[in-house]
Every structure is written in structure tokens, then in C-alpha cells.
Amino acid sequence: MPKFWLFKSEPQSYSIDDLRRERSTPWSGVRNYQARNFMQIMSVGDEGFFYHSSCAVPGIVGICRVAHAAYPDATAFDPRSEYYDPKSSPEHPRWMNVDVAFVRAFPEVVPLTRLREIAALDEMPLLQRGQRLSVQPVRAAEWRTILKLV
DNA sequence: GCCAACGTTGGC
DNA sequence: GCCAACGTTGGC
């Protein structure tokens with residue numbers, strides 16, 4: 001059974017259109033243990049919502065798919081990367097990433113404000129007060145509910 | 001730009 | 001192991 005996820009990104013740094021152009025990208029730079037742990041249990045073929053944060057209309061803008069299971073995040077090894085972490089090494093990698101591939105972009109963003117109106121989505125981590133997790137699980141029922149809003 | 005909420009760090 | 005200080009996230 002494929003699992004469902006939600007990936008947050010600031011569109012000014014990486015947008016759904018960037019993913020469409022590149023077809024696929026390493027979801028690197030995640031420096032949160034809980035988010036990392038979710039990536040470690042992802043399987044190829046799992047699907048995810050692509051969420052735009054810190055922008056004019058925060059919300060879900062499309063769908064991506066896990067194209068490669070988790071492997072060590074190379075940006076953690078690069079001193080010139082903004083995601084460099086001296087505590088991570090190729091011998092003992094601390095951070096991991098999956099690859100995600102573009103599936104589709106929605107014709108219009110499904111805004112965060114719209115999601116908040118749907119009672120069936122009340123329990124999504126995304127909608128919890130103070131929640132900042134950049135990679136999070138989505139329940140199958142929530143996935144279906146959101147697709148109906150597109 | 002503000003600020004609430006949260007995760008991490010590091011002194012003790 | 002506690003907890004204050006700090007930095008970051010992200011909506012507004």
C-alpha cells in the first residue's frame with residue numbers, strides 16, 4: 001500500500017514549477033529528526049502533496065512521488081552548502097533524503113485557509129497550532145478529501 | 001516586520 | 001538531566 005505525505009517548500013527557494021522543470025530532485029536540506037525519520041520510512045511510489053509556505057497564498061499546489069528511497073544527504077558534507085553539518089560524515093551520515101519526482105501541478109492552489117474549513121482535516125499536523133514539520137504524513141482519507149478540493 | 005511556538009544547544 | 005537562551009519557522 002502506498003503511503004501519503006506532505007512536503008513543504010518555500011516557493012522562492014524551490015517551487016512546484018522548479019520540480020516540473022527538473023522532473024525529479026533530492027529532497028535535501030531537511031535538518032529535523034522527525035522529518036528525517038519520516039523520509040526513512042518512505043517507499044518508492046509513495047505520493048506526496050507539494051506545499052508552498054512563506055508566500056502570498058500558502059497551500060497545496062500539486063503532487064509528487066517518491067522516486068528513490070532515503071540515502072545520505074550530500075549537502076550535509078559540503079562546507080560550502082548552507083545545509084552543511086560538520087557532525088554528519090559519509091561514514092556516519094546524520095541526515096538523509098529521498099528523491100521526489102513531479103506528478104502534477106494543480107490548476108489552482110488549495111489554500112491553507114480552505115483546508116482549515118474542512119472538519120475532516122482537523123487532525124492534520126499541518127493545521128495544528130505551531131506545527132513546523134516540513135515533511136509529514138497524510139492519512140489516506142485526508143488525501144482523498146483534499147483531492148476533492150482541487 | 002511581528003511574534004508565537006517550537007527544537008536545539010550548552011552551562012551547570 | 002534540567003532549563004534558560006537562542007535560532008528558526010511560518011502565518012499573518
Side-chain angles (χ1 to χ4, degrees), chain A residues 3-22 25-42 46-66 69-139 141-150:
Chain A
K3 300 179 290 295
F4 301 106
W5 308 96
L6 180 142
F7 296 86
K8 281 189 201 171
S9 185
E10 300 186 12
Q12 57 192 38
S13 79
Y14 198 87
S15 71
I16 186 84
D17 289 329
D18 293 322
L19 183 60
R20 180 182 3 225
R21 262 192 304 277
E22 296 192 333
T25 192
W27 204 256
S28 56
V30 172
R31 297 294 177 265
N32 171 281
Y33 290 104
Q34 206 180 346
R36 180 204 63 184
N37 295 346
F38 284 132
M39 284 200 283
Q40 286 180 306
I41 59 171
M42 290 180 187
D46 285 1
E47 289 186 285
F49 287 128
F50 198 108
Y51 179 90
H52 280 177
S53 66
S54 295
C55 55
V57 184
I60 297 173
V61 294
I63 293 176
C64 57
R65 181 170 32 79
V66 176
Y71 59 96
D73 182 339
T75 64
F77 309 143
D78 177 3
R80 281 159 306 180
S81 168
E82 61 175 312
Y83 302 116
Y84 177 57
D85 181 355
K87 292 174 183 158
S88 187
S89 67
E91 296 73 30
H92 298 283
R94 171 175 299 206
W95 304 112
M96 313 281 283
N97 63 259
V98 296
D99 287 347
V100 300
F102 177 82
V103 173
R104 70 184 174 109
F106 296 155
E108 291 178 44
V109 59
V110 179
L112 178 62
T113 51
R114 178 82 181 102
L115 301 176
R116 289 199 188 284
E117 294 170 352
I118 314 294
L121 302 178
D122 277 352
E123 294 183 9
M124 289 187 75
L126 181 72
L127 306 184
Q128 305 311 305
R129 176 183 188 79
Q131 179 56 256
R132 304 180 308 183
L133 201 55
S134 64
V135 175
Q136 29 181 290
V138 174
R139 294 173 180 161
E142 293 162 344
W143 182 268
R144 290 190 299 268
T145 297
I146 290 168
L147 286 182
K148 289 180 194 156
L149 304 175
V150 177

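Numbers restart at 1 for each chain; the letters A, B, ... are given by sequence-line order, proteins then strands.
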Whole-Å distance between [N] [atom2] and [X] [atom1]?
X         : N       : atom1 : atom2 : result
Gln131(A) : dA4(B)  : CD    : P     : 19 Å
Tyr33(A)  : dC6(B)  : OH    : P     : 20 Å
Arg132(A) : dG11(C) : CZ    : P     : 12 Å
Lys87(A)  : dG7(B)  : NZ    : P     : 18 Å
Arg31(A)  : dT8(B)  : CZ    : C1'   : 15 Å
Leu115(A) : dG10(C) : CG    : C1'   : 15 Å
Asn32(A)  : dT8(C)  : CG    : C1'   : 11 Å
Arg94(A)  : dT8(B)  : CZ    : C1'   : 11 Å

Test log, rule side chain to side chain contact (heavy atoms under 4.5 Å, CB included), inputs Lys3(A) and Val66(A): CA-CA 10 Å; Lys3(A) 300 179 290 295; Val66(A) 176; over 6 Å; no
Flag for Tyr14(A)-Glu22(A): side-chain donor and acceptor within less than 3.5 Å: yes
No-hydrogen, no-angle side-chain donor-acceptor test under 3.5 Å, Tyr83(A) and Asp78(A): no
Worked verdict on Leu115(A) versus Val110(A) for side chain to side chain contact (heavy atoms under 4.5 Å, CB included): CA-CA 7 Å; Leu115(A) 301 176; Val110(A) 179; 3.7 Å; yes
Minimum-distance nucleotide (side-chain atoms of Arg116(A) versus dA5(B), dC12(C), dG10(C)): dC12(C)
side-chain N/O Lys8(A) vs dT9(C) OP1/OP2, d < 4.0 Å: no
Over 12 non-hydrogen atoms of neighbours within 6.0 angstrom of CD in Glu117(A): yes
CD (Glu108(A)) with more than 12 external heavy atoms under 6.0 Å: no
Strand-adjacent residues in residues 54-63 of chain A, judged by heavy atoms under 4.0 Å from DNA chain C: Ser54(A), Pro58(A)
